[in-house]
Amino acid sequence: MDKWRVVKAFSLGSLLEATIPKPGNVNRYRDFEDLTLYHFLFAHTAVMDVLFEAAEKGELIRKGKISPAEVGIGALIRKAIENSRKAQNSNPNFGIVTLEVPFAIALTWAGSIDAEEEAKKLIAFSSPQDSVEFYKAIRTANPKGIKRGVKYDVYDDASFEELLRDEINLKKLAEISSERELIFKEWLTGYRISYSTFYRLKELTSRLSLEEATIKAFLELLSRHMDTLIVRKAGIEEAKLVQKKAKETLSGKLTLEEFDEFLREKKDLRNPGSLADIMAVSLGLLILSGYSLSL
């Protein structure tokens, strides 16, 4: 698994996710007031060097030159987010970076597209310092809907010392927070949803255009999973309602345009951002598997 293949695949996958007109998200036709397609373009290209560094770490593990515990996942995520923030003034790609950095390592470590076990091992072998660095990345990105007043509060400086004292590595952190964030579930399960969506995209693109396949796969994701960004920002009932409306769209009761307008009724509160992050990774896997564009 060549390093540059991984970097190019994830970079293109992220750009495709931002560009394709998926309902409720920023795309080439629609922006939000504080988040535009240009934010995504600047952010995604700003992290390519860190993706390469991550892929290089996986290659070093495979060659026996470093151990999985020496990778420094948290510092790599933090560096990528700092790069993103220098390039633009919003938070278009924190979730995507959080998924892609460990995955890039896992893929080059595995030497193949099947890197589920390596991905899980990386999270398991991470250190409490990785969690501290990850918290600093969250502060830089400042994503919406982060819960305050919880144990290991991201915005409480005392949490840094507590993470180290209690030996909370990324796996333990993900276990604590997985019900609140799909990304953490992906870490713990070896990117289960990302892989299943990738396989679905492979099937759909054999008979549909890339755009049509991506939109259909995204609707299916929305119908099966509650988007945790919507849960954090708008509450669980809104997230359930989005699921219901996605199912109605798939069955033909709602048009795609009607569903898109429903998602935008409350500005970005119903923006299905967590599942969009997973879609970006799945599109990256599709590119990595050898997909090429034909019109």
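Side-chain atoms are counted along with the backbone in the values below, which use heavy atoms only and exclude waters and symmetry mates. All values reported here derive from a predicted model rather than from experimental measurement.
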Lys/Arg-Asp/Glu bridge criterion (N-O < 4.0 Å) met for [X], [Y]:
X: Lys245; Y: Glu258; answer: no
X: Asp260; Y: Arg270; answer: no
X: Glu162; Y: Lys151; answer: no
X: Glu211; Y: Lys216; answer: no

Does [Y] offer a backbone N or O that forms a donor-acceptor pair with the side chain of [X] under 3.5 Å?
X: Asn83; Y: Val47; value: no
X: Arg264; Y: Asn25; value: yes
X: Ser178; Y: Lys185; value: no
X: His225; Y: Leu222; value: no
X: Tyr29; Y: Thr19; value: no
X: Ser131; Y: Asn169; value: yes
X: Ser196; Y: Ile193; value: yes
X: Arg180; Y: Thr228; value: no
X: Ser274; Y: Asp227; value: no

Mind checking what makes salt bridge (charged side-chain N to carboxylate O under 4.0 Å, His left out) contact with [X], not counting sequence neighbours?
X: Glu17; result: Lys22
X: Lys57; result: none
X: Lys144; result: Asp34, Asp268
X: Glu133; result: Arg78

Contact summary for Tyr191 and Leu99, nearest pair of heavy atoms =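 Between these two residues, the closest heavy atoms are OH-O, 2.6 Å.
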
For the [atom1] atom on [X], are there more than 12 heavy atoms of other groups (residues, nucleotides or ligands in this structure) within a distance under 6.0 Å?
X: Lys233; atom1: NZ; answer: yes
X: Lys202; atom1: NZ; answer: no
X: Glu265; atom1: CD; answer: yes
X: Arg192; atom1: CZ; answer: no

Min side-chain heavy-atom separation Phe262-Pro23 under 4.5 Å =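 No, side chains not in contact.
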
query = Is there a side-chain contact between Arg28 and Pro21, using heavy atoms and a 4.5 Å cut-off?
reply =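 Heavy-atom side-chain distance check passes, below 4.5 Å.
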
query = Considering residues at least two apart in sequence or located in another chain, which fulfil the side chain to side chain contact (heavy atoms under 4.5 Å, CB included) criterion with Ala87?
reply =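 Ala87: side chain to side chain contact (heavy atoms under 4.5 Å, CB included) contacts with Phe42, Ala46.
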
Distance-only check: which donor-acceptor pairs under 3.5 Å involve side-chain atoms of residues 281-295, not counting sequence neighbours?
| from | atom 1 | to | atom 2 | distance (Å) |
| --- | --- | --- | --- | --- |
| Ser282 | OG | Ser194 | O | 2.9 |
| Ser282 | OG | Ile278 | O | 3.0 |
| Ser289 | OG | Leu286 | O | 2.6 |

Give the table of side-chain donor-acceptor pairs shorter than 3.5 Å for residues 91-98, with sequence neighbours excluded, one pair per line with atom names and distance.
| from | atom 1 | to | atom 2 | distance (Å) |
| --- | --- | --- | --- | --- |
| Asn91 | OD1 | Phe94 | N | 3.3 |
| Asn93 | OD1 | Ser84 | OG | 2.8 |
| Asn93 | ND2 | Ala43 | O | 3.4 |
| Thr98 | OG1 | Phe94 | O | 2.8 |

Nearest 0.5 Å please: distance from the [atom1] atom of [X] over to the [atom2] atom of [Y].
X: Glu257; Y: Thr249; atom1: CD; atom2: OG1; answer: 10.0 Å
X: Glu237; Y: Met226; atom1: CD; atom2: CE; answer: 9.0 Å
X: Lys171; Y: Phe184; atom1: NZ; atom2: CZ; answer: 15.0 Å
X: Ile66; Y: Glu56; atom1: CD1; atom2: CD; answer: 9.5 Å
X: Thr140; Y: Ile77; atom1: OG1; atom2: CD1; answer: 12.5 Å
X: Leu188; Y: Ile183; atom1: CG; atom2: CD1; answer: 12.0 Å

Apart from Leu204 itself, residues in the same hydrophobic cluster as defined by side-chain heavy atoms under 4.5 Å =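 Grouped by the 4.5 Å side-chain rule, Leu208 form the rest of the cluster around Leu204.
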
Residues clustering with Leu41 (ILVMFWY side chains joined when closer than 4.5 Å, directly or via others) =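 For the cluster that includes Leu41, the remaining residues are Leu15, Val26, Phe32, Leu35, Leu37, Tyr38, Phe40.
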
key: Test side chain to side chain contact (heavy atoms under 4.5 Å, CB included) applied to His39 and Asn89, step by step   = CA-CA 8 Å; His39 286 99; Asn89 67 346; 2.9 Å; yes

request  = Could you pull out all residues at least two apart from Phe198 that satisfy ring pair (Phe, Tyr, Trp, His ring centres under 6.0 Å)?
outcome  =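 Expected list: none.
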
task = Classify the side-chain pair Glu220/Ser223 by whether it contains a donor and acceptor separated by less than 3.5 Å.
result =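 Their side chains do not contain a donor-acceptor pair, so the 3.5 Å distance test is not met.
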
inquiry  = Is a donor from one side chain sitting under 3.5 angstrom from an acceptor on the other, for Ser209 and Glu212?
reply    =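 There is such a pair between these side chains.
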
If you group Ile, Leu, Val, Met, Phe, Trp and Tyr by side-chain heavy-atom gaps below 4.5 Å, do [X] and [Y] land in one group?
X: Val231; Y: Ile138; answer: no
X: Ile168; Y: Tyr155; answer: yes
X: Phe52; Y: Leu122; answer: yes

message = Holding to side chain to side chain donor-acceptor pair (under 3.5 Å), I want the full list of residues that pass it with Ser127, two or more places apart in sequence or in another chain.
response =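 Only Asp130 meet the side chain to side chain donor-acceptor pair (under 3.5 Å) criterion with Ser127.
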
task = Determine, stepwise, if the pair Lys3 / Glu53 fulfils salt bridge (charged side-chain N to carboxylate O under 4.0 Å, His left out).
result = CA-CA 9 Å; Lys3 297 187 291 289; Glu53 192 175 342; over 6 Å; no

message = Centroid separation under 6.0 Å, is that true for the rings of Tyr135 and Tyr152?
response =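 Between Tyr135 and Tyr152, which both carry aromatic rings, the centre distance is not below 6.0 Å.
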
inquiry  = Please report whether the ring centroid of Phe134 lies less than 6.0 Å from that of Trp187.
reply    =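 Close enough - the centres of the two rings lie under 6.0 Å apart.
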
task = Could you check Glu238 against Leu269 for side chain to side chain contact (heavy atoms under 4.5 Å, CB included), going step by step and ending with a plain yes or no?
result = CA-CA 9 Å; Glu238 284 287 351; Leu269 284 180; over 6 Å; no

key: Full working for salt bridge (charged side-chain N to carboxylate O under 4.0 Å, His left out) between Lys147 and Asp153   = CA-CA 8 Å; Lys147 202 168 182 179; Asp153 187 333; over 6 Å; no

query = Do the rings of Tyr195 and Phe103 sit parallel, tilted or perpendicular, given the 30° and 60° boundaries?
reply =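 Rings of Tyr195 and Phe103: perpendicular, over 60°.
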
request  = Kindly state each residue pair satisfying salt bridge (Lys or Arg N to Asp or Glu O under 4.0 Å) with at least one member in residues 100-122, sequence neighbours excluded.
outcome  =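 Passing the test, one end in residues 100-122: Glu117-Lys120.
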
request  = Could you walk me through whether Glu203 and Arg200 pass the salt bridge (charged side-chain N to carboxylate O under 4.0 Å, His left out) test, one step at a time?
outcome  = CA-CA 5 Å; Glu203 178 190 347; Arg200 181 61 172 149; 3.0 Å; yes

